[in-house]
Amino acid sequence: MQQAPRRMKGARRVPRERAAGPYNPAMPFSDPSAPPVSSSAVPPVPSAAFSSPLLAGLNPEQLAAVTAPPGPALILAGAGSGKTRVLTTRIAWLMQTGQVSPAGIMAVTFTNKAAKEMQARLSAMLPVNTRAMWIGTFHGLCNRFLRAHAKVAGLPAAFQILDTSDQLSAVKRVIKALKFDEEKCIPKATSYFIANAKDAGQRPKDLQPRDELGRMQLAVYQAYEDQCQREGVVDFAELMLRTYEIMRDHPEVREHYQRRFKHILVDEFQDTNRLQYLWLKAFAGSPGVTGTSVFAVGDDDQSIYAFRGAQVGNMADFEREFRVPHVIKLEQNYRSHGHILDAANTLIAQNSKRLGKNLRTDAGLGEPIRVHEAASDFAEAQWMLDEIRQVKREGHPLYEVAVLYRSNAQSRVIESALFNAGVPYKVYGGLRFFERAEVKHALAYLRLIENPSDDTSFLRVVNFPARGIGARSIEQLQDAARASGRSLAQSVTAVAGKAGANLQAFMALIDTLREAIRGLTLRDIIEHVVEASGLAEHYRAEKDGQERVENLAELVNAAEAFVTQEGFGKDAIALPVDEPAGTIAAGLPAAVAAVELLPDAETGEIISPLLAFLTHASLEAGDNQAQAGQDAVQLMTIHAAKGLEFHHVFLTGLEEGLFPHENSMSDTDGLEEERRLMYVAITRARQRLYISFSQTRMLHGQTRYNVKSRFLDELPEDALKWLTPRNQGFGSGFEKPYRDAWASGKGMGSMVGAGAQPFRQAPAWGGGKRGEDNFKDLTAPIPKAMAESKTAGGFRVGQSVFHNKFGEGVVLTLEGNGPDARVQVNFGRHGTKWLMLSVAKLTPIE
DNA sequence: GTACGCTTATTTTTT
DNA sequence: ATAAGCGTAC
């Protein structure tokens, strides 16, 4: 099916025989006397290479990176500096100059999207079969590795991959089995605990519990491992850890790969966690000894995943441990206009922990950043809607407009504004295709066919659709399984009576399915299982099952597409196919090679397309919305926007507590990560950036009164253009929360401060200068909470008024009735006054 | 086995 | 506000 790729014309294989030196996984590079990469070990670079059309148009720094001599390299690549181009051109250049064959390349990314893009760009650059290369995500490559070395790994050839929710349910089962109190040993937290331990490279034996909870979690970790091992399943972190351990503990395997890979390239290096760094070191071996060059590309300023274990420190460690001769900085930005870049630079300069980098652009200053203050989240959305319509009128496509926010909850009000106005939009994030319940159910049947020991899948569908197997039956079954140390599927005969009969009927169904799909195409397999399992019928009978039925049909389509477009088994390929069949096997000691290489010796592909598809489903969650090509506004969190760019960017909700998020504000590290997040957000914009914040916002069913984000104050004045008056008083101070707390007798949301002030001595709001006309723009819709409040004497809260002596003001509070009626009005620089309506001459404005 | 009502949590996310 | 998860009652 897949042709063995031809080696590049004129490309000569670099001799791979370089003795692998002593390897100490604990302290790989602790020997200070190790010689630097000797230049004599480096193949001469053909001088003609420097005039290669590949290199045309690269700036000096990019050129230096692309053509860096073999050996460790660290590229500090700023936002929009052509990072992906450098990475792919580097690979192409290495091959074109004959320094490496495709099989000698490993390129690692974090997301499938990035891997695909790299592959696509590379294919466009060079007529090379990228299949021989190891290009993929960390987890995808680990999967490939473990399929090839299943025996050494102690895994069944058809091992299944648990996603996060599978892992959680597996952990829950363990906690139940151990009879731990779920109140104390919280499943989710324990699941995190296990994942974190693995991400740090720690097995249960490496951990020392410090308290009762620690002891419980450790016990769960141990039992969870045993359970996974029994069932033949691995979670995401296990893919990495198991691969790393095999590399660490099996010299013959290690030496093989260290000889094989001449160049390892890593994208988004700042996002690597501890285990991934260890993993890379294991594949690279000691610098100067294995001759493997690691080319790491990253941007410490865009490190926004510390919360999930990313260690920016890996960059500095890499520079030191690999003895990177000099870090190459890509600081020329090809994306954003000057004001935008100035803002980004000024902001990020306030972080203390940086490797140091300043972006520059040849583009002019461009438009200033437009800043808007809204009265409410609703008003913010309305304003944005107006601006978006204007942008559309100016002839820009909507897909070039992005609305970014800190947290997903913020999208709702924006969505409703766009929806009601009939503006098409697309929200990124949320439930992915393969994560939908009905799809997971279908996959569970398929997984059981491949591996009946997969208890997680068994439990998911044993009674779905309902077939009379209730909690009691399952409990009996679990007891039997536990007693015999076997899987649930193996234990059905141990349950007596009707329950046992039902369970056996279920297993008979699985067996029947397995028989029935023999010889079918993948598409037909899925179609048959979806029908014969009763899933399709169940959803057809359900009131609101329409969408689920459609998703099941979509799953069939996805299978079809997987076979035709992707060529099934891409992820599952175990052999580098540019080697003559058997070469790799020959390169490995018999013990490793014989059984490990389970795939077809001719093609190197895993034989079962179903297994390949299941792996694909686990490792690639799939897009959530298929409406590609539609001209729609793009809505996403800032995290999701990393790596993307847009002509127009709306950055919303710039409020203390929201962004920076309140959970991150307490410590410096958290705050600096938030600031990097802000940096990422700003640098998404090419031409026009809008920043907005709101005085009030509905969050968790409560109105919160927010102060504008400190990040706004950290931007250079010159780069900003305020669409609303700067330092506008209304909502920028602490006054309103006090008032509301007083009025409602309830808490004050985010603005709870020590010792609420007495009502009438509320401090004047806002700081800074206020002009006479500061209040003219306060005509935005009144927040719901305010609109519902009482009126008096024809005035309402939020009403603009005029006073002969104090000028313009805004009504803050109304109290009393009739002759007693009084109002509190903010007169800007004249302060906040209480006035008796019967005395003061107040006239409403507008 | 399903329906209803109660409690709970609600930053960011890929694999 | 709101959704999801869980327990109890039919």
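The analysis underlying the following values was restricted to heavy atoms, covering all of them including side chains, and did not include hydrogens, waters or symmetry mates. In what follows, every chain begins at residue 1, and chains take the letters A, B, ... in the order their sequences are listed.
- Between Leu239(A) and His661(A), the residue anchored closer to the 5' end of DNA chain B is His661(A), taking for each the nucleotide with the nearest heavy atom.
- Residue Tyr305(A) is classed as a sugar-phosphate contact, given heavy-atom separations below 4.0 Å to backbone atoms only.
- Within the 4.5 Å cutoff, side-chain heavy atoms of Tyr277(A) are placed close to those of Lys281(A).
- The environment of CZ in Arg274(A) is sparse: at most 12 heavy-atom neighbours from other residues, nucleotides or ligands sit within 6.0 Å.
- Counting only residues at least two apart or in different chains, salt bridge (Lys or Arg N to Asp or Glu O under 4.0 Å) contacts with residues 459-468 of chain A comprise Asp166(A)-Arg460(A).
- Checked against a 6.0 Å centroid threshold, the rings of His639(A) and Phe307(A) count as neighbours.
- Counting any heavy atom pair closer than 4.0 Å across all strands shown, Asp235(A) reaches no nucleic acid atom.
- Qualifying side-chain hydrogen bond (donor to acceptor under 3.5 Å, both in side chains) partners for Ser692(A), counting only residues two or more places apart in sequence or in other chains: Glu380(A).
- Within 4.0 Å of Thr164(A), counting heavy atoms only, lies at least one base atom of the nucleic acid.
- In summary, the side chains of Asn351(A) and Tyr679(A) do not present any donor paired with an acceptor at a separation below 3.5 Å, with no hydrogens or angles considered.
- Atom CD of Gln229(A) is surrounded by more than 12 heavy atoms from other residues, nucleotides or ligands within 6.0 Å.
- Remark: Gln311(A) engages no residue in a side-chain hydrogen bond (donor to acceptor under 3.5 Å, both in side chains) (not counting sequence neighbours).
- In terms of the ring pair (Phe, Tyr, Trp, His ring centres under 6.0 Å) criterion, residue partners of His538(A) (sequence neighbours excluded) are, by chain and number, Phe464(A).
- Nearest-nucleotide mapping onto DNA chain B: of His139(A) and Gly468(A), the residue sitting toward the 5' end is Gly468(A).
- On the nucleic acid side, DNA chain B contacts chain A at distances under 4.0 Å to non-hydrogen atoms, with the end points of that region at dG1(B) to dT15(B).
- When the P atom of dA4(C) is taken as reference, atom NZ of Lys172(A) falls 14 Å away, rounded to whole Å.
- Within the nucleic acid shown, Asn408(A) comes within 4.0 Å of sugar-phosphate atoms alone, with no base atom in reach, counting heavy atoms only.
- Nucleic acid contact for Phe110(A): sugar-phosphate only, since backbone atoms but no base atoms lie under 4.0 Å from a heavy atom of the residue.
- Residues from residues 665-677 of chain A that place a heavy atom under 4.0 Å from any atom of DNA chain B: there are none.
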